[in-house]
Protein chains: 2
Amino acid sequence: MAEAKMIKLRDVAEAAGVSQGTASNVFNRPELVREEVRERVREVARTLGYAGPSPKGRLLRSGKVNAIGIAAAEPLSYFFADPWARRLLTEVAEVCDARGAGIALVSVAGGKHLAWSIESALVDGFLLRCGGRELLVEVTQRRGLPFVALSLDTSEPDVPAIDIDDFGATRMAARHLLALGHRRFAILGIGLGPGPGRVPPEEVRATRFVNVRERARGYWAALTEAGIAEDMVPIHAVQNDGGNVGAALDLILAAEERPTALLAMSDLVALEALKALEARGVRVPEEISVVGFDGVPEAAESIPPLTTVEQPYRRIAERSVSAILDDDLPAGREILPLTLVVRGTTAPPVSG
Amino acid sequence: MAEAKMIKLRDVAEAAGVSQGTASNVFNRPELVREEVRERVREVARTLGYAGPSPKGRLLRSGKVNAIGIAAAEPLSYFFADPWARRLLTEVAEVCDARGAGIALVSVAGGKHLAWSIESALVDGFLLRCGGRELLVEVTQRRGLPFVALSLDTSEPDVPAIDIDDFGATRMAARHLLALGHRRFAILGIGLGPGPGRVPPEEVRATRFVNVRERARGYWAALTEAGIAEDMVPIHAVQNDGGNVGAALDLILAAEERPTALLAMSDLVALEALKALEARGVRVPEEISVVGFDGVPEAAESIPPLTTVEQPYRRIAERSVSAILDDDLPAGREILPLTLVVRGTTAPPVSG
DNA sequence: GCGGAAAGTTGAATCGGTTCAAAATATGAT
DNA sequence: ATCATATTTTGAACCGATTCAACTTTCCGC
């Protein structure tokens, strides 16, 4: 039942009466081989059932696996469950596919097991989906393979990282609302504790998540340009997974001067807010405008479709795959811009 | 900047004054090496910055890549978009992870490109997500690596395939409803044309999708047991992605003897039906019960949560990964049972 | 018919390890 | 001490290809 015995290039060469080198050329640089010989070798290969040079041999010789590893400090299911991961991975997969490269998923959720996967995966380099844990970076450094850190939280200057311009993006989001005429805002912030409850600016500045800080700074920058002070804009803590959004909203809507626009630090939260708003009979965008952050696929499907700033998934994918495969690692932290996608949840505020 | 020069096992052995064989043992079978020597080699390795034996060398020698390829005749994004694929892949990923094996995703969507990926992926074998296209099987056979066909549609006896018991599952679903007291049914069928519209049994038997035929047979078998004839149960064609479910429902609800139970050939369709039913003000399960098929994660989240027959994702994953990695290919088509998951969309029919 | 260039082919080295029979060394019993 | 046995270590073969310098053959023009 087992494959009798894999025939190898040498067998073919022998059977065809040529040197192994020539046989190799038949498959890799056929133009170097005389047609007659080429055909003969091919014929023999066919007869013997030789499927072409095995990638294994090639790998060893060339050193290139032609595959990149994607690692996260989460269970593997994370890659298929999280919207951000799915979206990015789709692009990464496509980019790799176009280049004929493979992708290998590796999880490092289980403490000790961690080192193993990263240290033994057969890849040319890694994409690290960080999120604060520098442990991932450390382990990967030990392996000695090139890697790119994605959404790395610490700002160590010497680790190659590709990141997004959180500051510019949220500033853009706020400016969009400002341009529409909004003057009263509320922010739905993540990474600021479980919520619900208003979080003072100092506390926001003190969070250990850089991206949260930057997003807040971006909102404030735009608002300040328009003459709106930080304190005028309440930041409410909600959970990363959308928990407590309803509660936060109740607080926000109860204010005497109800805001006309909502800035959410993630699409997931914005989407949750949309649902909560509908449940409370508040019409979007007529009564209140909402802007998200991330540009997950679901954002285009909501009712109404969500206005948001979209991460440059494709570019992140292209840049990081190229970094690994073309040996073109970013020197430090490289920052990519997001784009504002205006959809149905933003409109001018009702006058009065 | 580039890694000075990768030090290899031989360098370490040399520097430590032992043979390469001993050095190899230090890393792979340390118990064979005297403690003193072992520590010395380890120390030298550390000093030199040797990260342990490179997987590349090991691969060539052992022949095992320790990774399995997952291929579909769809763009790579399919793996992250389709609920079934995501669910199964999550399990596959987990099973592989537990065994320290990697997974590589390969798409064969682009016609000619097809051969390349499958033929050059660095894996020990493939999981083929078929769906009628035997082309995938053919190409993979040419590569000569072990493979398992998942949801293969043709029933060629000699290709190793792992499948689910469609017949038993739908029979179970129908029996559940029957046991609750239902007597009037309608079936939402896929793979029977675009719909909407009732499809006669002969036509259902003639569809080229075996699984659709089997699912219908399962429903009929249970119904017949209970003395309900095939013709008494309308099968309505809807689209695979849930298209036309609303239209089909309108037809079904318009019947003079409105059915009290709905059998859907996929969760996606059932979920869509739930939405359409709600939009039409028909209460589930009070006025009508609904049973799905597949057990996708979303089925647990719907309101009310969907009663369905769940595919044995974990077992499919385990069985197929083991088939590849343990060289334990199914001889032909191997069939796994599904389980009925009773949730909130089924209840006894209102009497009268 | 000859020299030189072009085209085609060969053979050996190499990639980075693992494996295993055989050799060397240590241990224990007598 | 001595021999048998157990523990370590060695060295060379091997895994399946690619690469390239060197060698052979073919082709051309004169």
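Labels below follow one simple rule: chain letters A, B, ... track the order of the sequence lines, proteins then strands, and each chain is numbered from 1.
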(message) So if I take the C1' atoms of five pairs at each end of the helix from C:dG1-D:dC30 to C:dT30-D:dA1 and get each local axis, what angle do the two axes make, rounded to 10 degrees?
(response) 30°
(message) If I take atom OG from residue B:Ser54 and atom NZ from residue B:Lys8, how far apart are they, to the nearest 0.5 angstrom?
(response) 10.5 Å
(request) Enter the distance from A:Glu334:CD to A:Ile316:CD1 here, rounded to the nearest 0.5 Å. (result) 11.0 Å
(request) Check DNA chain D against residues 24-39 of chain B and give the residues with a non-hydrogen atom under 4.0 Å, in numerical order. (result) B:Leu32, B:Val33, B:Arg34, B:Val37
(request) Would you indicate whether the side-chain heavy atoms of B:Ser320 and B:Glu91 approach each other to under 4.5 Å? (result) no
Quick one: side chain to side chain donor-acceptor pair (under 3.5 Å) partners of [X], sequence neighbours excluded?
| X | answer |
| --- | --- |
| B:Gln141 | none |
| A:Thr22 | A:Ser19 |
| A:Glu36 | A:Arg34 |
| A:Arg315 | none |

(request) Under the ring pair (Phe, Tyr, Trp, His ring centres under 6.0 Å) rule, collect the residues that match up with A:Tyr78, sequence neighbours excluded. (result) none
(request) Look at A:Asp82 together with A:Arg87 and state whether they make a salt bridge at an N to O cut-off of under 4.0 Å. (result) no
List the residues meeting salt bridge (charged side-chain N to carboxylate O under 4.0 Å, His left out) with [X], not counting sequence neighbours, and say none if there are none.
| X | answer |
| --- | --- |
| A:Glu43 | A:Arg46 |
| B:Asp165 | none |
| B:Glu35 | none |

(message) Taking any atom closer than 4.0 angstrom to a non-hydrogen atom of chain A, what span of DNA chain D does the protein reach, first nucleotide to last?
(response) D:dC15 to D:dT19
Every protein N/O lying under 3.5 Å from an N/O of nucleotides 11-16 of chain C:
| residue | atom | partner | partner atom | Å |
| --- | --- | --- | --- | --- |
| C:dT14 | O2 | A:Arg61 | NE | 3.4 |
| C:dT14 | O2 | A:Arg61 | NH1 | 3.4 |
| C:dC15 | O2 | A:Arg61 | N | 3.4 |
| C:dG16 | OP2 | B:Lys8 | NZ | 2.9 |
| C:dG16 | N2 | B:Gly57 | O | 3.2 |

